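Right, one structure below, let's go through it.
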Amino acid sequence: MRARLIMLTALVATLGPNTGASAHGGAYRGPADFVRPDCREPNDPVPPRDRRGTTRPESGAAPTGPTGPTGHGRARDGPEPLPSLPLYDPSELHRSRWSRFLDYRDWTFWWNVNKDAIVLDRRRFPVGEDRSGTVVRVLGRDVRTSTDGTLSSASMNGIIVPALRELADDETLDFEIRAAAILGLAKIGDDTQIAMLLRLAQSGAGDDGAAHRTVRESATLALGILGNDTPEVRNALLGLLADDSRRSDFVRQFAAVALGLLAQGKALDDHTIEVFLDVLARVEPTLDTKPAVLLAIGMRGDVGTVPVLLHMLEHGRTPAADSVALSDIETSFVVDALGRIGLPRSAGSEGEGDDVVAVLIKTLSPGKLRRAAIPIPRSAVPALGRILPRCQEPLQREVLHKLMRVQRDDPRAFVRSLALVALGRAAADAGTATKIRKQIGRILRARLAPGERNNEARPFAALALALSTGERDADEANVCGPLRKVFESIGVEDPRQRSALAVAQGIAKDRRAVPGLLDVLRDPDADPGLRGYAALGLAMIGAPSAQSAVRQAMGELNAPSLRIQATLAAGLLDGDELVTDLIAVLCDEESPAYASGSAALALGHRRDECAVAPLVEIARDVETRHDRLTRAFAVVALGRIAERRNVPALARVLRDLNYRTLGRLPALAELITIL
């Protein structure tokens with residue numbers, strides 16, 4: 001079961017070739033140990049021979065073998081996993097001209113980690129009052145669609161919440177189903193579950209009747225997602241973080257992240273800072289605890305922590321007298337925290353040592369900063385992009401010029417690509433000066449220009465240019481027109497770049513791009529991956545004319561990647577017929593698990609009234625007509641339907657995360673599997 005879920009959730013999420021699964025409630029988005037031989041670095045973990053997932057021993061050591069559905073691998077306190085399966089079908093890759101690009105530098109890896117906040121923004125699908133809707137017939141049953149795509153409060157509070165509570169309380173359930181229910185209740189904001197969450201999080205593997213490790217970890221993270229910042233919850237999480245005897249699960253690391261989620265934007269209290277600094281100062285038995293703490297500090301956005309972060313960055317350790325040295329990866333998370341806080345200069349500081357921008361720029365200048373090791377620039381580039389809009393215009397210009405030089409001259413392709421994304425993010429921010437924004441637009445359009453020299457940069461330049469519009473309407477002359485022109489000019493021999501441009505046109509919501517994207521989607525000879533991204537681009541645009549082609553693509557049984565992307569597109573487009581198709585796939589007991597799972601997640605995004613009853617029925621499935629995998633997806637979908645946020649709870653954590661470090665950080669690699 002565990003190995004099946006990691007393969008099938010990879011397909012369901014269509015997040016790239018090295019995707020995996022999680023019973024925590026999501027799918028793996030980025031690379032952990034898949035690094036091509038020609039771009040490996042000395043400290044990269046050794047990849048499995050068959051490039052399957054990675055498992056984590058019960059001891060908490062680094063990954064060593066095939067994974068299961070949670071990304072944890074085999075656990076002593078859980079059921080025996082089934083034999084592992086490859087994450088992708090080699091025959092499918094052999095048929096695709098895209099296969100030579102499967103490495104962490106590809107645009108799809110960045111997209112997989114960052115796409116939730118872009119694709120899954122559900123402001124079109126709010127929770128509303130009860131609607132009469134339209135009754136449609138699906139697989140012998142009557143289901144009711146919403147009149148305007150909203151979920152009624154009666155369905156959420158009267159059906160979904162009780163069902164998830166029932167599943168979360170059932171200690172006899174498989175761990176992946178129970179964990180997904182726990183996280184679903186947290187996303188909804190059900191604070192009646194706090195006592196249960198505390199009990200599960202504080203239990204240990206050796207306790208009588210202890211829950212599976214995945215359930216313990218999910219309960220810990222759920223306390224943060226719930227956002228109920230009481231002394232009881234806060235002290236419980238701090239106690240879990242401080243307990244370094246817990247090495248058989250990710251509870252400590254998830255407790256740190258939960259503290260970051262608990263009250264984002266709220267200053268840290270003295271006790272929390274004391275516990276955080278104590279962890280950062282001492283020798284830790286696992287590699288991923290300190291990065292988790294630094295990620296939490298960044299998420300909280302407490303400007304009062306900037307001086308100590310700067311001290312750690314320049315001196316390689318905390319201010320404590322007996323502090324141990326930070327590793328390069330840990331230092332890269334110090335940089336990430338400074339970027340997330342976004343303060344150009346420490347409050348009230350006078351000297352250059354307190355100038356955040358100056359110190360970050362030094363990390364991008366070889367030899368200028370003692371700890372300017374390989375992982376650090378990967379965090380410094382997005383950090384500068386976050387901080388740029390908070391600067392005065394002269395300093396914005398200085399940061400812009402540094403990012404331009406990095407994009408042009410840095411020897412690492414990954415860092416150059418991140419610089420383009422950082423520029424696009426900065427241009428989207430209202431705090432960026434108009435002159436700077438226009439200059440960024442010119443830079444990004446130049447990287448789109450035809451020619452072999454620019455091919456490597458083009459996918460990221462296209463995505464960055466689309467992102468640069470932010471909440472503003474896309475500019476035909478400076479954004480939509482250039483993207484459309486390059487998309488039309490690239491031949492069929494490069495589906496990878498055309499796919500990035502298809503997604504970029506979707507982000508920009510360019511309605512003039514619809515005919516070209518439709519032509520690609522309808523072309524049976526086109527690359528399946530390209531056709532899938534064309535469907536996604538059309539759905540992000542919201543093109544009604546794409547409904548028929550998307551429905552047809554959902555039925556192409558010999559192209560799983562296309563079928564799954566089309567299913568996601570169906571979840572983004574309006575139309576009762578699409579909803580009917582999704583429910584039919586979900587309820588069809590003969591559907592492959594990747595198809596029924598993708599249909600469940602698409603319905604979860606829509607918040608459509610008619611999806612609730614079928615999802616609840618499958619989640620409970622007292623007659624066991626559906627396997628555990630399909631049930632787990634149905635539970636995840638119910639949590640997504642009723643989630644109170646417009647975007648998934650962890651989207652802020654994932655945005656521009658330095659995912660290249662995660663091969664050595666099992667807990668954080670697991671974290672990004674959770675929707």
Side-chain angles (χ1 to χ4, degrees), residues 22-27 69-72 116 156 160-171 173-204 210-241 246 249-264 292 295-296 299-300 604 619 632 635-645 647-654 667-668 670-675:
S22 174
H24 284 308
T70 66
H72 294 339
D116 283 357
M156 185 177 76
I160 296 176
V161 172
L164 291 179
R165 286 177 181 172
E166 172 191 320
L167 297 169
D169 288 338
D170 189 350
E171 297 180 358
L173 271 181
D174 296 310
F175 67 91
E176 65 270 15
I177 298 174
R178 193 178 181 201
I182 286 169
L183 285 168
L185 289 170
K187 294 172 185 178
I188 294 168
D190 185 5
D191 57 9
T192 66
Q193 305 299 303
I194 289 178
M196 178 192 69
L197 296 177
L198 288 171
R199 175 176 57 81
L200 291 171
Q202 292 171 331
S203 64
H212 189 277
R213 60 186 298 168
T214 303
V215 175
R216 303 195 300 266
E217 294 163 357
S218 297
T220 304
L221 189 61
L223 289 166
I225 294 173
L226 193 58
N228 198 316
D229 187 19
T230 64
E232 179 187 21
V233 171
R234 189 165 58 250
N235 290 333
L237 291 171
L238 288 170
L240 291 169
L241 173 60
R246 298 190 68 133
D249 53 34
F250 290 155
V251 166
R252 291 188 67 213
Q253 295 84 357
F254 280 20
V257 174
L259 285 162
L261 290 168
L262 197 59
Q264 296 185 48
L295 185 60
M299 287 189 290
R300 288 295 285 263
V635 177
V636 173
L638 288 169
R640 286 176 58 172
I641 281 179
E643 185 167 2
R644 54 187 165 163
R645 298 169 178 86
V647 296
L650 295 177
R652 184 179 177 187
V653 181
L654 304 182
L668 297 188
E670 178 76 8
L671 179 69
I672 71 170
T673 70
I674 302 169
L675 289 174

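These numbers were taken from a predicted model, which means no experiment stands behind them.
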- Message: Assess the residue pair L262 and L223 against the criterion (side-chain contact (heavy atoms from CB on, under 4.5 Å)); give the C-alpha distance rounded to whole Å, side-chain angles, the decisive distance to 0.1 Å, and a yes or no.
- Response: CA-CA 7 Å; L262 197 59; L223 289 166; 5.7 Å; no
- Item | Worked check of side-chain contact (heavy atoms from CB on, under 4.5 Å) between L671 and L295 | CA-CA 11 Å; L671 179 69; L295 185 60; 4.0 Å; yes
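Residue E217 holds its CD atom at 8.5 Å from NE2 of H212, rounded to the nearest 0.5 Å. With values rounded to the nearest 0.5 angstrom, L226 atom CG is found 12.0 Å from I182 atom CD1. With rounding to the nearest 0.5 angstrom, the CD1 atom of I188 is 11.0 Å from the CG atom of L183. With rounding to the nearest 0.5 Å, the separation of CG in D190 from CD1 in I160 is 12.5 Å.
Applying the side-chain hydrogen bond (donor to acceptor under 3.5 Å, both in side chains) rule to D169 yields no partners; only residues at least two apart in sequence or on another chain are considered. For Q264, the side-chain hydrogen bond (donor to acceptor under 3.5 Å, both in side chains) partners at least two apart in sequence or on another chain are R652.
Taking each heavy atom of A219 and L200 in turn, the nearest pair found is CB-CB, 3.7 Å. Minimum heavy-atom separation, A256 to A296: O-CB, 3.0 Å. The heavy-atom pair separating A258 from T220 by the smallest distance is CB-O, 3.5 Å. A pairwise comparison of heavy atoms in I674 and L650 identifies O-CD1, 3.5 Å as the closest pair. Taking both residues in full, the closest heavy atoms of A201 and V251 are given as O-CG1, 4.0 Å, listed atom of the first, atom of the second, then distance. Minimum interatomic distance between Q193 and L185 (heavy atoms only, all atoms of both residues): CG-CD1, 3.8 Å.
Put simply, the side chain of R234 never gets that close to the backbone of L259: no donor and acceptor are under 3.5 Å apart. The backbone N or O of A292 sits nowhere less than 3.5 Å from a side-chain atom of Q253 that would complete a donor-acceptor pair.
Side-chain contact between R216 and F254 is absent, with no heavy atoms from C-beta onward closer than 4.5 Å. Between L197 and V233, every side-chain heavy-atom pair lies at or beyond the 4.5 Å cut-off. Looking only at side-chain heavy atoms (C-beta outward), K187 and I225 come within less than 4.5 Å of each other. In this structure, M299 and V257 have side chains that are in contact, with non-hydrogen atoms separated by less than 4.5 Å. No side-chain heavy atom of L164 sits under 4.5 Å from any side-chain heavy atom of V161.
With salt bridges taken as basic N to acidic carboxylate O contacts below 4.0 Å, none links R178 and D170.
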